[in-house]
Amino acid sequence: MKEADFTTKYESTWCPGCGNFGLWIAMKQALAELGLKPENVLMVYGIGCSGNGVNFTKTYAWHSLHGRAVPTAVGAKLANKELTVIVMAGDGDGMGEGMGHFIHALRGNADITYVVHDNKTYSLTTGQAAPTANKGYKAKSTPEGIIEQAVNPVSLALAAGGSFVARGFAGQADQLKEIFKAAIQHKGFSFIDALQPCITFNKINTFKWYLDRVYSLDDNSEYNRTDIKQAFKESLIWGKKIPVGIFYQNNRATYSDHLPQLKGKTLIKRPVQVRNVAPLLKEFS
Amino acid sequence: MKNKNKLSWKIAGEAGFGIKSAGIMFGKIFMKAGYEIFDYVEYPSLIRGGHNTFQLIVGTHSVNSVTKGVDILVALNQNTVYSNITELVPGGVVIYDKDKVKLTAKYKAQGIAIPLTTLAKQAGGELMRNVVAIGATLALVDQDLKIANQIVKNNFKRKGEKIVDNNLKALKLGFDFIKKNFKQDFLCCLPTLEAKNNILITANESLALGALAGGLNFYVAYPMTPSSSILHYLASVAQKLGIVVKHAEDEIGVINMALGASHAGARAMVGTSGGGFALMVESLGLTGLTETPLVIVNVQRGGPATGLPTWTEQADMQFMLRAAQGVFPRIVLAPGDAQEAFDLGAEALNLAETYQLPILILSDKLIAEGNSTVPAFKTNHLKINRGKLLNQTQLNKIKGYKRYKVTNDGISPRALPGMKNGLFIANSDEHNEYGFSEEGSANRIAQVDKRQRKLDTFAKVLPEPIIYGNPKAKKTIVIWGSTKGVLLDAYTELKSRQQKKIKIMQLQYIWPFATDFVKQVLNKSRKVLLVENNSNAQLGQLIAQETGIIIKDKLLKYDGRPFYREEIIKVLKKF
Ligand SMILES: Cc1ncc(C[n+]2csc(CCOP(=O)(O)OP(=O)(O)O)c2C)c(N)n1
């Protein structure tokens, strides 16, 4: 498999230079390098610029409602564990409308990968502040600057029981690709906060802004990604310096591991037959 | 004169008194004794205290409704005397706990004082007052303890031998107390008859069983009265049957999980009540646009908002018909009792996959939480129909596979993720035949029309409304859902001269609408009466919309209570 095998003929609708391209390429490369075939991958997209990638990425796909990609992906994976299920959603989608689902999916640890396109804005709706926007960020709906404090997706994911928590940057596509590969291979719910500059609406969190700040956790030989306390401490760093890499990983049981009825053949490949309910009627007789 | 083979029995007290478990045991005893049962619970939305009642109607023929009148009232607390004593029929009796309850002078003659607390304690614990009362009732109606002993044993088996023994003792103490202290010349007499092959079940449980029979393998829900027992029942059998049952984080999560599962190829269903359905509405439209098969159950309660959580109403029909923005096809079904809930539960999954759209099932609290006796369900007549779902061999033969291919019947061949040669996007944006986002005018019209054509296709095989009574009668009563039971029971009690003049038309398939059939029936009727458990005649509105016929005579009830048999008999006699 090559990266191009995951590209459709549909023309991209992203702005030239959009941070989404970095994520898109890294994801396609990751899928190709893992030897996955388009038909074995189900990508579930949110609604936003990020979600519009549905049209140019060649896999099975579900373009969900705004905020609802994660539960859809969880349901699909429970029904067919043979699929590689990946969610691509914006930070408005995932941290605004869909925040509840995010926390519960982390708790449940279904074996899917969740990539949040973190551009700190609602780009498709012309650049309002997303919940990830830094306090004081000015945009059309918050002309005096956003009052709420920024959501920290990495700390949240750690606190809610994430078994794989990472952050990547669209400007460093190679590292991002490696993170995606590790995330897809991880057994459990993998969360990646993917920093992705919106070059049209966000004039603050630009490629340069990030390049001046990001450092890789991989460069720190002392960093132990199985240590939740260290991960949590590192996750709180945001400002002059911004850490990227895999913050934390453990191998706790996935949601399906707890369901003995899902052992063996994947649910949807079992024959669908009229079930004889006679034995169940005893309880009512 | 003794009233043979018929009884209206009601037990009442606080939540936590074992009202419901007593009711179920009582029902099972008389089912085994060859009788038919319908039961009705009233309870407020709380866990301890409040006033709970459990009423059982026992008869020799099919029983489908409650009566206002009570033959035997069991008062476990004083509140029952205040709240329910006026329901006693002439000649009826109240069994009351002499240790705790005082009877007003007016009702002394109808009182049967039993030291329920003392006897229960003697058997091993005060909690068994309910079982003592069952024993007492059995003595009053000429039933022996043979069957009751067995039912009580089965009921408490899980809790160990000691508990079983104590309860058997309690049963006998109640029974003996009546035999020793009272004359058994009560107006109801229920000797053991030949047992039928019946089960005692609620429409929630039977709907779940129907869906299971129909191949359900994925159920997601969030608890909400009165739909929760579908979730509870399915969760209790999930591991044994090898299906997924998930209590999700909220109703939006519920429907989207089910959509993901169905998209992957599962036979999926979700269940809720009106409030949870309200949260699902945006995703209902997504179901329609992505043409994903899904069964959605709404067990109605009194709305709006939190409304009357534990009471019955039929006020969500118009909401279900119109929920979500835009236009897309849906099928709406309304079972009238436990048997129909079973049948439609199985059929709904077939319809969902055949027409690739949302199937909405409208049930309500009265049947969803009320048990009734029905013949043990059979499955040999059932079939699984997965519609145009492709297998790999079929898919291999298709060049340039189009998931949303424009077809004459509106239904497109369906591939599943994981299949070779079938890549497509299930897209919440308007899309072309492949699923790619497309906003062009011609494509939009083609896709809207294609989706809508699925209903025209279904309309060709749409089951007709059900007619009871004399099909040629000129007087027509129009109903849907749970009002079926009370109408049929009241009708049965009419003189045959009166019966001949009346027919009852039940709409079970609400949407698409059986326009021609309904129009014809109504046009041929001299008198029409609409009976609905809501305040604004929602079926009446639908009929007016589809046929232009406005039904003027309406019997509407919206106090959270079902129609009582007496009310309907009165209306039918005058009709
Ligand atoms: C229920 C609902 N509310 C609002 C919208 C409008 N809407 C579409 S995209 C979007 C925000 C997108 O922001 P984000 O998720 O961050 O994605 P981005 O465009 O930045 O990639 C909003 C509010 C919608 N489609 N659905």
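Chain A is the first sequence line, chain B the second, and so forth, proteins listed ahead of strands; every chain is numbered from 1.
- With a threshold of 4.5 angstrom between heavy atoms, A/Arg107 does not approach chain B through any atom at all.
- Contact tally against chain B (heavy-atom pairs below 4.5 Å) for A/Asn276, A/Asn80, A/Leu65: the top residue is A/Leu65.
- For the side-chain hydrogen bond (donor to acceptor under 3.5 Å, both in side chains) criterion with B/Arg414, the lone passing option out of B/Glu353, B/Glu291, B/His263 is B/Glu353.
- Under the side chain to side chain contact (heavy atoms under 4.5 Å, CB included) test applied with A/Thr84, the options A/Asn40, A/Ile184, A/Thr113 reduce to a single match, A/Ile184.
- Ion pair B/Lys420/A/Glu39 not flagged as a salt bridge, since none of the NZ, NE, NH1 or NH2 atoms sits closer than 4.0 Å to an Asp/Glu carboxylate oxygen.
- For a residue to count as touching a neighbouring chain, one of its non-hydrogen atoms must lie under 4.5 Å from one of that chain's; by this rule A/Leu42 touches chain B with the side chain only.
- Neither the backbone nor the side chain of A/Ile103 comes within contact range of chain B; no heavy atoms are under 4.5 Å apart.
- With a threshold of 4.5 angstrom between heavy atoms, A/Tyr45 does not approach chain B through any atom at all.
- Of the listed residues (A/Thr8, A/Val44, A/Thr13), the greatest number of heavy-atom pairs within a distance under 4.5 Å of chain B belongs to A/Thr8.
- Proximity to chain A (any heavy atom under 4.5 Å) is restricted, for B/Asn198, to the backbone atoms N, CA, C and O.
- At a cut-off of 3.5 Å, with distance as the only test, no side-chain donor of A/Asn109 or A/Thr254 sits close to an acceptor on the other residue.
- Chain B forms more heavy-atom pairs under 4.5 Å with one residue of A/Tyr60, A/Tyr255, A/Trp62, A/Tyr10 than with any other, namely A/Tyr60.
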